[in-house]
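First the structure, in the form of structure tokens, and then the observations on it.
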Amino acid sequence: MKSPVHRCRDTEHGRGQSGAGAGNNYLQTEQRIPISKDVITSSSASAMWFIRDACGIVCAVITWMLVFYAEFVVLFVMLLPSKSLTYSIVNGALFNALAFLALASHLRAMCTDPGAVPKGNATKEYIESLQLKPGQVVYKCPKCCSIKPDRAHHCSVCKRCIRKMDHHCPWVNNCVGENNQKYFVLFTMYIALISLHSLVMVVFHFLNCFEDDWTSLLFLIFTSVMFGTQVHSICTDETGIEQLKKEERRWAKKTKWMNMRAVFGHPFSLLWFSPFSTPEHGKAETYQYVV
């Protein structure tokens with residue numbers, strides 16, 4: 001009798017590996033093996049997560065510098081010279097609150113494990129522990145030697161397989177995946193809001209000089225597009241990679257509201273808009289190994 005360790009398939013090349021006796025039996029019918037989410041959750045999920053990528057670190061630093069530059073312009077160029085103290089205090093407090101939430105969201109998106117699958121878990125002992133039945137095979141990533149659950153993709157920058165990976169964003173120096181998509185969406189939303197706020201103040205105070213300052217408008221357009229694409233991705237329950245690859249949907253279709261709750265946690269509350277609250281997903285989801 002052949003060991004279950006042979007019943008795995010290379011995801012990059014689509015090859016099944018088996019003993020001569022197993023032959024074509026398990027390749028004829030594709031099945032799925034329900035696996036607890038805890039089994040495929042990286043041990044680093046609760047620890048500090050940081051990607052040592054030079055390009056990503058530079059982009060993240062530039063992001064923070066741009067926000068601080070916007071703070072300087074708004075406070076010292078637009079608000080302090082204003083004759084209305086009330087106007088300066090109200091708009092200064094609002095702008096600083098939005099900027100703080102944007103930077104907090106950025107930090108959470110950057111330092112949260114996006115959903116990395118345990119590295120190197122495609123071992124003989126581990127695959128045998130799955131107790132595969134005849135006709136069942138698991139997908140193994142040849143790059144990080146991990147058994148991949150459904151909808152996971154390998155990131156060449158993080159050098160890990162990421163659950164529900166949408167894309168790798170250099171501006172947050174991290175992948176956008178299952179565990180940190182909420183923070184990335186909040187980051188783009190708050191940056192769009194401070195851009196809109198500063199643009200309104202520019203129009204209100206410097207209407208005659210508006211044509212000389214396009215910075216806020218460019219930030220507003222850029223972050224609004226990013227925010228819109230992320231919300232669309234959540235509502236359709238289809239990551240950016242899945243859209244680009246036009247992958248066939250193998251997961252259950254849910255309503256847009258259920259998809260939003262899956263990312264931000266449920267039930268709906270003001271905590272949805274807080275980068276300091278971790279989404280509550282209820283009971284651990286049952287993941288599927290594509291086999």
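Small disclaimer: the values here were computed from a predicted structure and weren't measured. One-based numbering along the sequence shown.
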Quiz prompt | Shortest non-hydrogen contact between S156 and K159, atoms and distance | solution = O-CG, 3.7 Å
Practice problem: Show the numbers, then the answer: is there a side chain to side chain contact (heavy atoms under 4.5 Å, CB included) between M110 and I51? | Solution: CA-CA 8 Å; M110 180 171 61; I51 301 300; over 6 Å; no
Quiz item: Mind checking whether V185 and V176 sit in one hydrophobic cluster, side chains of I, L, V, M, F, W, Y counted as touching below 4.5 Å?
Solution: yes
Quiz prompt | Stepwise side chain to side chain contact (heavy atoms under 4.5 Å, CB included) test for E71 and N96 | solution = CA-CA 7 Å; E71 285 268 1; N96 278 278; 2.7 Å; yes
Quiz item: When you look at R151 and R163, which way does the side chain to side chain contact (heavy atoms under 4.5 Å, CB included) test go after all the steps?
Solution: CA-CA 6 Å; R151 306 183 69 184; R163 300 193 306 273; over 6 Å; no
Quiz item: Under 3.5 Å, side chain of S105 to main-chain N/O of P275, donor-acceptor pair present?
Solution: no
Quiz item: So with a 6.0 Å cut-off around CZ of F276, is the heavy-atom count from everything else above 12?
Solution: yes
Self-check item: Flag if over 12 foreign heavy atoms under 6.0 Å of CZ, F50
Solution: yes
Exercise. First locate atom CD of Q230, then atom CD of Q181, and finally report the distance between them rounded to the nearest 0.5 Å.
Key: 5.0 Å
Quiz item: Taking all atoms of both residues into account, what is the closest heavy-atom pair of C175 and I162, and its distance?
Solution: SG-CG1, 4.0 Å
Quiz prompt | D53 side-chain N/O to G56 backbone N/O, donor-acceptor pair under 3.5 Å | solution = yes
Quiz prompt | Cluster link L271 to F273, ILVMFWY, side chain under 4.5 Å | solution = no
Quiz item: Any luck finding a side-chain donor-acceptor pair between N91 and H197 under 3.5 Å?
Solution: yes
Self-check item: H153 versus M165, closest heavy-atom pair with distance
Solution: O-SD, 3.9 Å
Quiz item: So do the side chains of M260 and C235 get within less than 4.5 Å of each other, counting heavy atoms only?
Solution: yes
Quiz prompt | Which residues share a side chain to side chain contact (heavy atoms under 4.5 Å, CB included) with L193, sequence neighbours left out | solution = L98, M189, Y190
Quiz item: Would you say the ring centroid of F227 lies under 6.0 angstrom from that of H232?
Solution: no
Quiz prompt | Expected output: side-chain K182 to main-chain S274 donor-acceptor under 3.5 Å | solution = yes
Exercise. Side-chain contact test, heavy atoms from C-beta onward, threshold under 4.5 Å: evaluate it for P114 versus W49 and give yes or no.
Key: yes
Quiz item: Do the side chain of N173 and the main chain of P170 share a donor and acceptor less than 3.5 angstrom apart?
Solution: no
Practice problem: Give, for atom NZ of K164 and atom CG of D150, the distance between the pair rounded to the nearest 0.5 Å. | Solution: 11.0 Å
Practice problem: Indicate yes or no for a side-chain donor-acceptor contact from S233 to the backbone of T229 under 3.5 Å, with no hydrogens or angles considered. | Solution: no
Quiz item: Which atom pair, heavy atoms only, marks the closest approach of A109 to N180?
Solution: O-ND2, 3.0 Å
Quiz item: Out of curiosity, does V74 fall in the hydrophobic cluster containing V77 (side-chain heavy atoms, cut-off under 4.5 Å, transitive links)?
Solution: yes
Quiz item: Looking only at heavy atoms, which two atoms of W171 and C59 are closest? And how far apart?
Solution: CE3-O, 3.5 Å
Practice problem: Would you indicate whether the side-chain heavy atoms of V202 and M78 approach each other to under 4.5 Å? | Solution: yes
Quiz item: In terms of hydrophobic clusters joined by side-chain contacts under 4.5 Å, are V172 and Y183 together?
Solution: no
Quiz item: Is L80 atom CG crowded by more than 12 heavy atoms from other residues, nucleotides or ligands, each under 6.0 Å away?
Solution: yes
Exercise. Check for a donor-acceptor pair, side chain of N174 on one end and backbone N or O of T112 on the other, with a separation under 3.5 Å.
Key: yes
Quiz prompt | D113 side chain vs A116 backbone, donor-acceptor pair below 3.5 Å | solution = yes
Quiz item: Can you tell me if S224 uses its side chain to pair, donor with acceptor, with the backbone of A192 under 3.5 Å?
Solution: no
Practice problem: Could you walk me through whether I191 and S195 pass the side chain to side chain contact (heavy atoms under 4.5 Å, CB included) test, one step at a time? | Solution: CA-CA 6 Å; I191 291 294; S195 300; 4.2 Å; yes
Exercise. Grab the two heavy atoms, one from S146 and one from V117, that are nearest each other, plus how far apart they are.
Key: CB-CG1, 4.1 Å
Self-check item: From CG (L101) to NE2 (H106), nearest 0.5 Å
Solution: 14.5 Å
Practice problem: Check whether V200 and V90 end up in the same hydrophobic cluster, where Ile, Leu, Val, Met, Phe, Trp and Tyr are linked by side-chain heavy atoms less than 4.5 Å apart. | Solution: no
Quiz prompt | C161 SG to K140 NZ distance, which is reported to the nearest 0.5 Å | solution = 11.5 Å
Quiz item: Which one of Y69, F76, F68 satisfies the ring pair (Phe, Tyr, Trp, His ring centres under 6.0 Å) criterion with F72?
Solution: F76
Self-check item: Gap between atom CD1 of I194 and atom CZ of F95 - 0.5 Å precision
Solution: 4.5 Å
